[in-house]
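Since the structure comes first, as structure tokens, the remarks are kept for the end.
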Amino acid sequence: QVQLVESGGGLVQAGGSLRLSCAASGRTFSSDTMGWFRQVPGKERELVAAKNWSSFSTYYADSVKGRFTISRDNAKNTVYLQMNSLKPDDTAVYYCAAAIGWGVPKRRYEYTYWGQGTQVTVSS
């Protein structure tokens with residue numbers, strides 16, 4: 001059974017940093033795409049960052065470029081989202097997701113596996 005478990009969310013002041021972790025079990029995603037989405041109440045879940053670990057193609061939403069970095073630790077089968085210079089607009093539930101195959105999908109339905117989400121709150 002494939003599981004993605006996020007951790008690392010919390011409350012931080014504007015300008016601060018957080019690192020989210022997504023630990024995968026049940027399979028490795030060494031050649032697939034792992035991504036981070038976020039969602040606030042009443043809005044669509046949006047892709048924040050994603051990377052295909054075969055081609056190393058990477059996507060960042062314009063709103064986080066230069067501030068967020070996606071990375072992974074193969075030995076731990078864990079993907080990270082380093083978030084710096086956080087803003088109140090970054091407040092959301094963040095979800096880890098995995099898409100099987102090539103490319104860097106942008107749409108929610110293209111991702112097969114999902115974590116349960118972790119809350120990030122940035123105070124002003």
Side-chain angles (χ1 to χ4, degrees):
Q1 182 181 358
V2 176
Q3 281 192 315
L4 302 178
V5 179
E6 301 102 332
S7 60
L11 174 64
V12 65
Q13 287 189 331
S17 298
L18 282 175
R19 188 179 77 159
L20 305 183
S21 300
C22 173
S25 61
R27 69 168 284 167
T28 59
F29 296 95
S30 56
S31 299
D32 303 304
T33 298
M34 299 290 291
W36 289 92
F37 286 74
R38 67 186 180 188
Q39 188 170 24
V40 298
K43 291 191 176 181
E44 293 289 321
R45 191 172 296 188
E46 66 168 344
L47 180 63
V48 173
K51 189 164 187 171
N52 181 276
W53 302 102
S54 178
S55 68
F56 299 103
S57 295
T58 308
Y59 168 85
Y60 291 102
D62 287 342
S63 57
V64 306
K65 280 181 182 176
R67 301 189 297 122
F68 290 12
T69 303
I70 187 170
S71 63
R72 73 179 294 159
D73 183 329
N74 288 332
K76 296 181 179 180
N77 206 21
T78 297
V79 175
Y80 303 98
L81 184 68
Q82 179 66 43
M83 305 186 295
N84 299 328
S85 303
L86 283 162
K87 305 174 181 179
D89 284 349
D90 295 319
T91 295
V93 177
Y94 283 72
Y95 297 89
C96 174
I100 307 305
W102 295 92
V104 183
K106 309 296 190 301
R107 299 173 180 82
R108 178 177 177 176
Y109 70 84
E110 296 177 284
Y111 288 76
T112 303
Y113 302 103
W114 290 87
Q116 80 288 354
T118 185
Q119 176 71 46
V120 171
T121 303
V122 184
S123 63
S124 58

Seminar exercise, completed: Sequence neighbours excluded, the answer for side-chain contact (heavy atoms from CB on, under 4.5 Å) partners of Lys43 is Val40
Exercise. Does the side chain of Asn84 come under 3.5 Å of the side chain of Ser17 through a donor N or O and an acceptor N or O?
Worked result: yes
For the pair [X] (side chain) and [Y] (backbone), establish whether a donor and an acceptor sit closer than 3.5 Å, ignoring hydrogens and angles.
| X | Y | result |
| --- | --- | --- |
| Ser57 | Gly103 | no |
| Trp53 | Lys51 | yes |
| Gln82 | Phe68 | no |
| Thr33 | Ile100 | no |
| Arg67 | Ser85 | yes |
| Ser71 | Thr69 | no |
| Thr118 | Gly9 | yes |
| Asp32 | Gly101 | yes |
| Asp73 | Thr78 | no |
| Tyr94 | Gln39 | no |

Atom [atom1] of [X] and atom [atom2] of [Y]: how far apart are they, to the nearest 0.5 Å?
| X | Y | atom1 | atom2 | result |
| --- | --- | --- | --- | --- |
| Asp62 | Tyr59 | CG | OH | 6.5 Å |
| Lys106 | Leu47 | NZ | CG | 7.5 Å |
| Ser63 | Asp89 | OG | CG | 8.5 Å |
| Glu6 | Cys96 | CD | SG | 5.5 Å |
| Lys76 | Ser21 | NZ | OG | 8.5 Å |
| Ser25 | Leu4 | OG | CG | 7.5 Å |

Under 4.5 Å between side-chain heavy atoms, hopping through other hydrophobics if needed: is there a path connecting [X] to [Y]?
| X | Y | answer |
| --- | --- | --- |
| Met34 | Val48 | yes |
| Tyr60 | Tyr111 | no |
| Leu81 | Phe56 | yes |
| Tyr113 | Leu20 | yes |

Closest heavy-atom pair and its distance - [X], [Y]:
| X | Y | value |
| --- | --- | --- |
| Ile70 | Gly35 | CD1-CA, 4.4 Å |
| Ala92 | Arg38 | CB-CB, 3.8 Å |
| Val104 | Ala50 | CG1-CB, 3.6 Å |
| Leu18 | Leu86 | N-CD1, 3.8 Å |
| Ser54 | Ser31 | CB-O, 3.7 Å |
| Asn77 | Arg27 | ND2-O, 3.1 Å |

Exercise. Would Lys87 and Asp90 pass as an ion pair if we require N to O under 4.0 Å?
Worked result: no
Exercise. Within a strict 4.5 Å, meaning less than it, do heavy atoms of the Thr91 and Gln119 side chains meet?
Worked result: yes
For this session: Would you indicate whether the side-chain heavy atoms of Val122 and Val120 approach each other to under 4.5 Å?
Result: yes
For this session: Scan Tyr80, Phe29, Trp36 and name whichever one has a side-chain contact (heavy atoms from CB on, under 4.5 Å) with Cys22.
Result: Trp36
For this session: For the residue pair Trp114 and Phe37, categorise the inter-ring angle as parallel (less than 30°), tilted (30 to 60°) or perpendicular (more than 60°).
Result: tilted
